[in-house]
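Following: one structure in structure tokens, then a few remarks.
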Number of protein chains: 2
Amino acid sequence: MGSRELKKAGLKATLPRIKILEILGSNDVRHMSAEDVYKALLESGDDVGVATVYRVLTQFEAAGLISRHHFEGGHSVFEMNEGEHHDHILCVKCGRVDEFLDETIEKRQHALAKERGYAMTDHSLYIYGVCAACQKEQ
Amino acid sequence: MGSRELKKAGLKATLPRIKILEILGSNDVRHMSAEDVYKALLESGDDVGVATVYRVLTQFEAAGLISRHHFEGGHSVFEMNEGEHHDHILCVKCGRVDEFLDETIEKRQHALAKERGYAMTDHSLYIYGVCAACQKEQ
DNA sequence: AACCAAATGCAAACAATTCTCATTACGATT
DNA sequence: AATCGTAATGAGAATTGTTTGCATTTGGTT
């Protein structure tokens with residue numbers, strides 16, 4: 001049960017929150033939009049409103065349970081925080097998402113921020129391309 | 001006149017397009033949202049509709065005249081394509097935007113994409129932080 | 001079991017962007 | 001320079017993604 005994690009994060013363990021945590025935790029997809037989460041809830045027969053989904057996702061992000069990404073195309077995508085920080089590489093044809101972590105890049109980013117007088121708080125790096133599978137088919 | 005660039009890009013040289021090109025070209029701001037552009041048009045007394053602004057910006061992007069960024073917070077920001085490709089570092093307090101180019105990072109990105117079987121088409125890197133000026137004040 | 005603040009659901013409100021369609025303006029052709 | 005077909009435009013309605021207001025419900029504490 002996610003009840004434990006929720007309390008640890010200082011959040012009341014309500015039904016919607018537990019359900020949403022379960023959905024994000026079930027490693028089917030990893031990257032879900034608010035709407036994806038909402039649909040998943042409906043499919044599993046849970047009667048949760050869209051507003052709640054958005055509110056809960058925002059709280060989870062603030063609590064550090066999940067992170068929000070802005071992939072090309074606009075709307076937010078959420079991902080459970082587990083394991084190391086990582087960046088993303090996306091296929092522009094099929095939407096596939098892979099993750100990577102590169103120490104060289106991480107270090108250069110900090111260095112660059114420092115050089116320019118910035119106290120770096122965050123960063124986002126997305127690489128777009130055509131994945132191996134999509135390159136093959138015609 | 002931007003008329004020349006427009007034709008070179010295979011676009012009819014219409015008044016709205018010329019105006020928008022001028023606005024983006026006037027190095028006052030460099031990073032403008034669609035609404036910024038729309039407001040600038042209104043202020044200079046030009047009667048251009050929002051729909052046209054969005055259409056034209058999308059065409060300019062497709063034609064490679066400008067590029068679109070998704071800075072944190074959501075909506076698109078556009079920037080004239082001139083000079084080298086570069087990435088961005090943004091102040092989370094005042095919204096200041098600086099640009100940078102780092103060969104090390106660029107190369108690593110290509111390498112990473114290749115390693116994972118992707119044919120890289122594009123990438124976006126944003127560093128967020130607090131700029132020097134904002135660090136000083138309180 | 002009873003209570004209160006916090007959380008939820010619903011619907012309305014919003015913001016950014018896109019679409020529809022009747023009107024207008026390029027620019028190619030005479 | 002006048003004509004004409006097509007592509008571009010403007011106005012506003014329509015979508016999409018997200019947020020808000022408020023009456024009702026629920027979790028957790030007593």
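Quick note on labels: first sequence line is chain A, next is B, and so on, each numbered from 1. We use all heavy atoms of the structure for the numbers below, so side chains are in, but hydrogens, waters and symmetry mates are not.
A straight line from CZ of A:Phe71 to P of D:dG17 spans 16 Å, rounded to a whole angstrom. In this structure, B:Tyr38 places its OH atom 15 Å from P of D:dT9, rounding to the nearest Å. At whole-Å resolution of the value, CD in A:Glu35 and P in D:dT19 are 14 Å apart. Taking atom CD1 of residue B:Ile18 and atom P of nucleotide C:dA25, one finds them 14 Å apart after rounding to whole Å. If you take CZ of A:Arg17 and P of C:dG9, they are 11 Å apart, rounded to a whole angstrom. Nucleotide C:dA6 holds its P atom 17 Å from the CG atom of A:Leu6, rounded to whole Å. Atom pair A:His70:NE2 and D:dT16:C1' shows a separation of 16 Å (rounding to whole Å applied). If you measure from atom NE2 of B:His75 to atom P of D:dT19, you get 14 Å, rounded to the nearest angstrom.
At least one side-chain nitrogen or oxygen of B:Tyr54 sits closer than 4.0 Å to the OP1 or OP2 atom of C:dT17. Side-chain nitrogen and oxygen atoms of B:Ser76 include at least one within less than 4.0 Å of the OP1 or OP2 phosphate oxygen of C:dT17.
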Practice task
Determine, stepwise, if the pair A:Arg17 / A:Glu22 fulfils side-chain contact (heavy atoms from CB on, under 4.5 Å).
Solution key: CA-CA 9 Å; A:Arg17 299 220 257 238; A:Glu22 271 176 15; over 6 Å; no
Handout entry: Derivation of the side-chain contact (heavy atoms from CB on, under 4.5 Å) call for B:His69 and B:Ser76
Key = CA-CA 6 Å; B:His69 301 290; B:Ser76 296; over 6 Å; no
Exercise for the section: Check step by step if side-chain contact (heavy atoms from CB on, under 4.5 Å) holds for B:Ile105 and A:Leu112. Expected result: CA-CA 10 Å; B:Ile105 292 182; A:Leu112 284 160; 3.7 Å; yes
Exercise for the section: Could you walk me through whether A:His110 and A:Glu115 pass the side-chain contact (heavy atoms from CB on, under 4.5 Å) test, one step at a time? Expected result: CA-CA 9 Å; A:His110 275 95; A:Glu115 277 172 27; over 6 Å; no
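Pairing each heavy atom of B:Phe78 with each of B:Ile66, the nearest pair is CD2-CD1, 3.6 Å. Heavy atoms only, all atoms of each residue included: A:Tyr38 and A:Val53 are closest at CD1-CG2, 4.0 Å. Of all the heavy atoms in A:Phe71 and A:Val77, the pair that sits closest is CD1-CG2, 3.8 Å. The shortest non-hydrogen separation linking B:Val92 to B:Tyr128 is CG1-CB, 3.8 Å.
A donor atom on one side chain and an acceptor atom on the other are not found under 3.5 Å apart for A:Thr58 and A:Arg55.
For the helix from C:dA1-D:dT30 to C:dT30-D:dA1, the rotation axes defined at the first and last 5 base pairs enclose an angle of 20°, given to the nearest 10°.
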Between the protein and nucleotides 12-15 of chain C, are there any N/O to N/O pairs under 3.5 Å, and if so, what are the atom names and distances?
none

Fill in the blank from the handout: Once base and sugar-phosphate atoms are separated, protein heavy atoms under 4.0 Å mark nucleotides 20-30 of chain D, 5' to 3', with B, S and - as BB-----BS--
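For an aromatic pair to be called close, the ring centres must be under 6.0 Å apart, and A:Phe100 with A:His88 fails this. Residues B:His123 and B:His85 bring their aromatic ring centres within 6.0 Å.
When each of A:Asp47 and B:Ser33 is assigned the nucleotide of DNA chain C with its nearest heavy atom, A:Asp47 is the one assigned upstream, toward the 5' end.
Hydrophobic clustering keeps A:Ile89 apart from B:Tyr126 (ILVMFWY residues linked when any side-chain heavy atoms are closer than 4.5 Å, directly or through intermediates).
Within 4.0 Å (heavy atoms only), B:Val50 reaches no atom of the nucleic acid at all.
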